[in-house]
Amino acid sequence: MGITLLSIALVVAALVIRTAVAEIRRPGSGRGQWAFLTSPRALATGALAALLLGLLAWITAGPPAAAWAVFAGALVAYVVGTGEGKD
């Protein structure tokens with residue numbers, strides 16, 4: 001379980017660094033990249049994806065896979081949240 005959480009932490013750290021570099025290049029862009037955290041639609045979709053994937057992962061591979069399912073749910077929320085403002 002420790003390696004799984006460390007791997008997820010490394011991926012999240014890489015995403016935060018990516019946001020920081022984008023913010024340095026173009027001030028204000030970081031807010032746009034993390035705007036999905038304030039979108040109810042994005043959060044609900046991500047939570048549903050995390051729940052469904054988490055249940056399936058827990059049954060098939062145990063708790064470490066469920067942690068990856070939560071991370072996948074966050075990525076789903078990000079993808080859903082980035083497309084909202086362009087409608």
Side-chain angles (χ1 to χ4, degrees):
M1 182 78 166
I3 293 293
T4 299
L5 293 179
L6 180 62
S7 300
I8 293 172
L10 287 173
V11 172
V12 170
L15 292 173
V16 169
I17 290 170
R18 178 178 166 244
T19 301
V21 170
E23 183 70 24
I24 290 170
R25 289 183 181 162
R26 211 178 56 202
S29 65
R31 181 175 291 145
Q33 289 181 359
W34 292 89
F36 72 95
L37 292 174
T38 59
S39 167
R41 178 176 163 233
L43 290 179
T45 305
L48 180 63
L51 178 67
L52 295 177
L53 288 172
L55 288 174
L56 181 64
W58 189 285
I59 291 169
T60 59
W68 280 106
V70 170
F71 181 68
L75 291 178
V76 167
Y78 175 76
V79 169
V80 170
T82 55
E84 282 188 351
K86 298 173 185 161
D87 290 341

Legend entry - Non-hydrogen side-chain atoms of Leu43 and Ser39 separated by less than 4.5 Å: no
Give every donor-acceptor pair under 3.5 Å between a side-chain atom in residues 8-24 and any protein atom, sequence neighbours left out.
unit_1 : atom_1 : unit_2 : atom_2 : d
Thr19  : OG1    : Leu15  : O      : 3.0
Thr19  : OG1    : Gln33  : OE1    : 3.0
Thr19  : OG1    : Trp34  : NE1    : 2.9
Glu23  : OE1    : Gly28  : N      : 3.4
Glu23  : OE1    : Ser29  : N      : 3.4
Glu23  : OE1    : Gly30  : N      : 2.6
Glu23  : OE2    : Gly28  : N      : 2.8

Result block: side-chain N/O donor-acceptor pairs under 3.5 angstrom for residues 47-68, not counting sequence neighbours:
unit_1 : atom_1 : unit_2 : atom_2 : d
Thr60  : OG1    : Leu56  : O      : 2.9
Thr60  : OG1    : Ala57  : O      : 3.4

